[in-house]
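This report refers to the structure that appears directly beneath it.
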Amino acid sequence: MGAPVIRTSYRLNKVLTAIARQHRMAATLTDEDLAGHALSDEERAALKTGDTTRLYQLGANPYLIRRVFRSRFSL
Amino acid sequence: MAEIVAAALTSHAPLITGRPDIARPEQRDRLYAGFREVARRIAAARPDLLVMFVNDHIQSFPYSNMPAFCVGLADAYDAPSAGASRLMQIAPRKIRGAPDWSLALLECGLAGGVDFAYSYELETWDELAVPLHFLLPDGRLPIAPVYTNCGAPPLPTPARCRDVGAFVGAFVRSRPGTERVALLATGGISHWVGTPETGRINPEWDHRVLDDVARGDVDRLAGLTWEEIERDGGNGGQEIRNWIALLGAVPGWKGEVLAYEPVAEWITGCATVWVRP
């Protein structure tokens with residue numbers, strides 16, 4: 001692994017914050033969840049499949065990933 | 001003169017209280033004993049106020065407005081809220097704030113070169129609730145939280161955190177009267193949360209941090225970069241900024257490690273440390 005880099009997607013963090021603030025947890029998100037949010041195709045696909053690794057790589061904040069997709073983590 | 005009568009560093013993690021059943025009993029009991037010893041010492045110091053160096057977990061502050069340092073001005077803080085209570089398995093309660101004291105710190109900062117943000121309403125998580133469950137069982141001591149961005153990079157540098165902590169320490173001691181102030185920093189040590197390495201702990205790095213704390217070597221900690229901490233301590237390890245701020249407030253003080261347990265089931269290198277002259 002190389003040195004860690006800061007990568008931030010405001011679009012991903014905005015939608016994850018909105019869902020976290022509804023105190024919702026999910027394994028995957030739906031088109032309805034994402035309605036009105038401007039997202040790239042790649043970001044949208046990662047949210048809809050609950051791909052936590054890809055979300056992290058795309059710049060989603062890991063605390064938000066964990067809150068929304070808690071069921072994806074074994075610990 | 002006002003004085004700092006107690007100082008301590010602890011970890012925070014929701015599972016510490018939320019899932020005591022999954023940890024190895026001997027690890028859990030040693031860590032809980034460490035928390036209880038900090039509680040005993042804080043009570044023995046008879047403080048009037050607990051100043052807390054803590055961090056948000058993208059609960060209060062969204063990416064549309066992300067302060068580096070923020071003084072809490074609330075009348076009271078959830079520790080925990082009803083929602084967090086379910087995960088942390090501790091009863092919801094409010095702990096009184098110290099808004100007049102915090103406002104004075106804020107004004108002193110703005111006049112003296114530390115441009116704190118401020119908030120009258122913070123959505124708290126485990127940064128207050130979990131350590132205070134052990135340390136303030138009766139919840140009667142008012143708290144004055146100072147939030148540092150440890151979770152949404154880019155973050156303030158550890159050196160800046162040390163200097164802001166030094167400013168807070170000088171402010172505490174400059175107050176008229178005979179206020180007795182305890183300091184508490186919560187967070188760390190190593191943990192990876194929500195990243196592809198979630199669950200990793202790095203005890204070797206944790207011991208290095210604890211050795212620095214034991215020597216009172218805040219400058220070595222303050223020299224760490226975001227990249228070094230992220231690599232060796234994980235994204236959760238960035239929370240040692242709170243510890244560094246506290247150590248900055250009490251120059252020359254040294255840590256006594258009361259407990260250190262890398263608890264895999266709680267995905268956190270967990271410690272309790274007493275800090276004294």
Side-chain angles (χ1 to χ4, degrees), chain A residues 1-29 33-34 36-40 42-75, chain B residues 13-15 18-19 22-23 55-66 81-87 123 125-127 149-155 187 191-201 225-239 263-268:
Chain A
M1 279 201 318
V5 292
I6 299 170
R7 180 163 181 184
T8 298
S9 163
Y10 180 56
R11 295 177 299 210
L12 281 175
N13 290 327
K14 186 173 180 177
V15 67
L16 289 172
T17 298
I19 289 163
R21 286 189 164 179
Q22 298 165 18
H23 300 288
R24 284 187 44 207
M25 286 186 269
T28 57
L29 297 177
D33 295 323
L34 307 182
H37 287 276
L39 296 159
S40 71
E42 204 174 16
E43 289 169 337
R44 189 173 294 273
L47 290 164
K48 288 179 68 176
T49 56
D51 185 341
T52 57
T53 296
R54 191 71 196 124
L55 287 168
Y56 176 75
Q57 291 164 344
L58 290 170
N61 183 287
Y63 288 103
L64 292 171
I65 294 172
R66 180 148 170 102
R67 271 169 72 193
V68 172
F69 294 105
R70 180 138 196 139
S71 63
R72 292 269 174 196
F73 294 91
S74 59
L75 287 166
Chain B
L15 298 173
R19 292 300 306 273
I22 61 174
N55 63 281
D56 182 47
H57 300 84
I58 334 297
Q59 305 270 144
S60 275
F61 306 124
Y63 273 81
S64 55
N65 193 354
M66 190 63 73
S81 66
S85 159
R86 283 193 293 278
L87 181 64
E123 188 177 335
W125 191 238
D126 57 333
E127 71 278 8
N149 178 12
C150 299
L155 310 178
H191 55 300
W192 279 254
V193 186
T195 75
E197 294 181 276
T198 294
R200 183 180 165 204
I201 300 173
T225 64
W226 178 86
E227 289 82 0
E228 289 167 338
I229 298 172
E230 195 79 3
R231 182 192 66 206
D232 298 332
N235 61 318
Q238 303 288 355
E239 293 173 340
V263 184
E265 298 81 0
W266 295 341
I267 66 167
T268 305

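Letters go in sequence order (proteins before strands), and every chain restarts at 1. Only this structure's heavy atoms are used, side chains among them; waters, hydrogens and symmetry mates stay out.
Across all their heavy atoms, A/Tyr10 and B/Ser64 have their closest contact at OH-CB, 3.5 Å. Residues A/Asn61 and B/Ala152 come closest through the heavy atom pair ND2-CA, 3.9 Å. Nearest approach of B/Val193 to B/His191, heavy atoms of both residues: CG2-CD2, 3.3 Å.
Heavy atoms of B/Trp226 lying under 4.5 Å from chain A belong exclusively to its side chain. Heavy atoms of B/Leu15 lying under 4.5 Å from chain A belong exclusively to its side chain. Using a 4.5 Å cut-off between heavy atoms, B/Ile58 contacts chain A through both its backbone and its side chain. Using a 4.5 Å cut-off between heavy atoms, A/Arg67 touches chain B through its side chain atoms alone. With a 4.5 Å cut-off on non-hydrogen atoms, A/Thr53 touches chain B through its backbone and its side chain both. Contact annotation for A/Arg72: neither backbone nor side-chain heavy atoms come within less than 4.5 Å of a heavy atom of chain B.
Chain B forms the most heavy-atom pairs under 4.5 Å with one residue out of A/Leu75, A/Leu55, A/Thr17, A/Ile65, and that residue is A/Leu75. Looking only at heavy-atom pairs under 4.5 Å with chain A, the residue among B/Arg231, B/Gln59, B/Glu265 that has the most is B/Gln59.
For A/Glu42, the salt bridge (charged side-chain N to carboxylate O under 4.0 Å, His left out) partners at least two apart in sequence or on another chain are A/Arg54.
At least one side-chain heavy atom of A/Arg66 sits less than 4.5 Å from a side-chain heavy atom of B/Ile267.
A distance of 8.5 Å separates OG1 of A/Thr52 from CZ of A/Phe69, quoted to the nearest 0.5 Å.
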